[in-house]
Participant: 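Can you keep this structure in mind? I'll have questions shortly.
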Amino acid sequence: MIEFEIKENVRLDKYIKALYKNLPFSKICKCIRKNQIKVNKKRAKYDQILGIGDIVTIYIDKHKILKKKKSIDNISLVKKITFGVVYEDKDILVINKPSGIDVHGNKKNKITLIDQVLKYLDYNETWDFKPYLAHRLDRDTSGVIIIAKTRLALEYFFDAFKKRKVKKDYIAIVYGKPKNNSGIINMPIEKIDKGIRKACISGSGKEAITEYKLLETKGIDKHIISKLILTPKTGKIHQIRLHLEYIGLPILGDRQYGDWGINKIFKETHNINRVMLHAYTIEFIHPILNKPVSFRVSIPKCFNII
């Protein structure tokens, strides 16, 4: 733990950047979000204005926070760009992520989506800002995702997602049919283990709300499957997958929250070997142009099962 007393008015992120000049802005924001950097022993915000006499406390080892990751080495290992470019300008990059690739990670020599993005952008360590994911998708979920190419854009998206100013729609193929053609799933989610979460009736979880609408239902070999469009109103990890499991409509191909027996049947009969969840559209106010924009990506061919 390290403590610093503030001698002049300054923004928190800029103060931390002055202390650790080699620390990327995205890492600073991550440390603040994880409550590893506090102001006067309280949770802080990256854009918080510090006053004279405020105490900034850093709860992580100085050497650990400055430790360089080996992701830059992974960029040189990228042989093929597997995502599709939907839109690009000097501030943002919008892409169509394929299923089966982690958006980021620290595993040695394992190529991630951000490695591919940095390769595509021809990134090198001399840049003032390292492009960063504005949000995330699970490994087996495909679809639209935004990368911030500038610090200003990243700041905007951190705030926009927190204030729920970004609208996303997903397409899912589920086992079964909903009781109603549309509805709202309002069920808290809590973390029960590393990487594992559950929808919970008790108040111990965090608020999670998902709207859904039935698009189509089909009978296949005595099995009923449905295509839904879903709009998450909150952004909890695994939210859509957990909510659909909770109402008895597990997503086909979901090995973590789905139905093992049904997944096996559809893998053998229809070659479904991925989570059938796709981020279809995204809408937001452009961080620099200050006008509404929306992007839609094509739906994978395997979703034509229905």
Side-chain angles (χ1 to χ4, degrees), residues 10-18 20-21 23-34 37 43-50 71 75 81 83-97 103-104 112-138 141-170 209 230-237 239 278-298:
V10 62
R11 251 176 63 152
L12 176 59
D13 57 348
K14 292 183 178 180
Y15 179 77
I16 300 299
K17 185 66 176 177
Y20 305 108
K21 293 182 172 58
L23 191 64
F25 174 70
S26 56
K27 179 68 174 179
I28 293 173
C29 289
K30 182 178 180 180
C31 291
I32 295 173
R33 287 200 313 273
K34 294 181 70 174
I37 299 175
R43 181 177 290 275
K45 298 180 179 180
Y46 71 90
D47 57 353
Q48 182 171 337
I49 302 300
L50 302 174
S71 60
I75 299 175
I81 305 298
F83 60 80
V85 176
V86 179
Y87 171 84
E88 183 179 7
D89 60 29
K90 65 181 182 65
D91 298 290
I92 65 174
L93 172 67
V94 183
I95 64 175
N96 187 3
K97 171 192 173 298
V103 293
H104 60 72
T112 64
L113 183 69
I114 195 62
D115 292 328
Q116 290 192 23
V117 167
L118 296 176
K119 179 73 171 183
Y120 167 80
L121 295 173
D122 200 24
Y123 167 80
N124 66 71
E125 290 180 312
T126 64
W127 289 21
D128 293 333
F129 178 81
K130 185 177 181 179
Y132 196 77
L133 296 161
H135 58 112
R136 304 172 185 178
L137 291 176
D138 294 337
T141 301
S142 56
V144 64
I145 193 166
I146 306 167
I147 290 87
K149 295 171 63 177
T150 64
R151 172 174 172 165
L152 187 60
L154 186 60
E155 288 181 357
Y156 167 82
F157 283 115
F158 278 158
D159 187 64
F161 276 100
K162 182 178 180 179
K163 295 180 178 178
R164 304 180 185 179
K165 292 183 177 180
V166 180
K167 180 178 182 291
K168 295 188 289 181
D169 290 328
Y170 290 75
I209 302 171
L230 303 114
T231 304
K233 299 300 182 180
T234 53
K236 300 299 178 288
I237 295 175
Q239 176 176 315
H278 179 70
Y280 183 44
T281 66
I282 193 164
E283 301 176 15
F284 54 91
I285 303 297
H286 192 287
I288 308 302
L289 302 179
N290 196 32
K291 66 178 184 179
V293 293
S294 63
F295 301 99
R296 175 176 296 182
V297 296
S298 59

Participant: CD1 of Ile75 to CG of Leu118: how many Å apart, nearest 0.5 Å?
Facilitator: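 Output value for this atom pair is 4.0 Å.
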
Participant: Does any N or O in the side chain of Arg43 come within less than 3.5 Å of the main-chain N or O of Arg33, such that one atom is a donor and the other an acceptor?
Facilitator: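 Present.
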
Participant: Could you pull out all residues at least two apart from Tyr120 that satisfy ring-ring contact (aromatic ring centres under 6.0 Å, His included)?
Facilitator: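 Result, ring-ring contact (aromatic ring centres under 6.0 Å, His included) vs Tyr120: Phe83.
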
Participant: Looking at residues at least two apart in the chain, or sitting in another chain, which of them share a side chain to side chain contact (heavy atoms under 4.5 Å, CB included) with Lys162?
Facilitator: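 Residues passing side chain to side chain contact (heavy atoms under 4.5 Å, CB included) with Lys162: Lys45.
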
Participant: Could you verify whether a donor N or O on one side chain and an acceptor N or O on the other, from Asp13 and Tyr15, lie under 3.5 Å apart?
Facilitator: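 Absent: no donor and acceptor within the cut-off.
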
Participant: Assign the ring pair Phe284 / Phe295 to parallel, tilted or perpendicular, where the plane angle (0 to 90°) is split at 30° and 60°.
Facilitator: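 Ring orientation of Phe284 relative to Phe295: tilted.
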
Participant: Out of curiosity, Ile92 CD1 to Ile147 CD1, how far, rounded to the nearest 0.5 Å?
Facilitator: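 Result: 9.5 Å between the selected atoms.
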
Participant: Please list, chain by chain and in numerical order, all residues satisfying side chain to side chain contact (heavy atoms under 4.5 Å, CB included) with Lys149, sequence neighbours excluded.
Facilitator: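 Checked Lys149 against side chain to side chain contact (heavy atoms under 4.5 Å, CB included); matches are Glu88, Leu93, Leu121.
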
Participant: Under the salt bridge (Lys or Arg N to Asp or Glu O under 4.0 Å) definition, can you give me all pairs with a residue in residues 278-296, not counting sequence neighbours?
Facilitator: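 Of all non-adjacent pairs touching residues 278-296, none passes salt bridge (Lys or Arg N to Asp or Glu O under 4.0 Å).
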
Participant: If you round to the nearest 0.5 Å, how far is CG of Asp159 from CG of Asp47?
Facilitator: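 The distance works out to 7.0 Å.
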
Participant: Does a donor on one side chain and an acceptor on the other come within less than 3.5 Å for Asp91 and His286?
Facilitator: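 Result is no, nothing qualifies.
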
Participant: What pairs with Phe158 under ring-ring contact (aromatic ring centres under 6.0 Å, His included), at least two apart in sequence or on another chain?
Facilitator: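 Checked Phe158 against ring-ring contact (aromatic ring centres under 6.0 Å, His included); zero matches.
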
Participant: So, Tyr156 side chain and Ile285 main chain: donor-acceptor pair closer than 3.5 Å or not?
Facilitator: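 Answer holds: yes.
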
Participant: Take Val144 and Thr281 through the side-chain contact (heavy atoms from CB on, under 4.5 Å) test and state the conclusion after the steps.
Facilitator: CA-CA 7 Å; Val144 64; Thr281 66; 5.9 Å; no

Participant: Count the heavy atoms belonging to other residues, nucleotides or ligands that lie under 6.0 Å from CD1 of Ile81, then report whether that count exceeds 12.
Facilitator: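 Buried by this count: over 12 neighbours within 6.0 Å.
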
Participant: Counting only heavy atoms from other residues, nucleotides and ligands, does the tally under 6.0 Å from NZ of Lys17 exceed 12?
Facilitator: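 More than 12 heavy atoms, drawn from other residues, nucleotides or ligands, come within 6.0 Å of this atom.
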
Participant: For the pair Lys97 and Asp138, find out whether any cationic side-chain nitrogen is under 4.0 Å from an anionic carboxylate oxygen.
Facilitator: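 Result for this pair is no, no salt bridge flagged.
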
Participant: Would Leu113 and His104 count as a side-chain contact (heavy atoms from CB on, under 4.5 Å) here? Give the steps.
Facilitator: CA-CA 6 Å; Leu113 183 69; His104 60 72; over 6 Å; no

Participant: How long is the span from the OG atom in Ser298 to the CG atom in Asn96, to the nearest 0.5 Å?
Facilitator: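 If we round to the nearest 0.5 Å, Ser298:OG and Asn96:CG are 5.0 Å apart.
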
Participant: Does the plane of the ring in His278 sit parallel, tilted or perpendicular to the ring in Tyr280? Use 30° and 60° as the thresholds.
Facilitator: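 It falls in the tilted class, 30° to 60°.
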
Participant: How many angstroms lie between atom NE2 of His135 and atom NZ of Lys168, to the nearest 0.5 angstrom?
Facilitator: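 Going from the NE2 atom of His135 to the NZ atom of Lys168 covers 5.5 Å.
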
Participant: Under a 4.0 Å threshold between the charged nitrogen and the carboxylate oxygen, would Lys119 count as salt-bridged to Asp115?
Facilitator: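 No, Asp115 and Lys119 are not salt-bridged.
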
Participant: To the nearest 0.5 Å, what is the distance between CG (Leu152) and OG1 (Thr150)?
Facilitator: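 With rounding to 0.5 Å, CG (Leu152) is 5.5 Å from OG1 (Thr150).
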
Participant: Going by ring-ring contact (aromatic ring centres under 6.0 Å, His included), name the residues that satisfy it together with Phe129, two or more places apart in sequence or in a different chain.
Facilitator: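 Phe129: no ring-ring contact (aromatic ring centres under 6.0 Å, His included) contacts found.
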
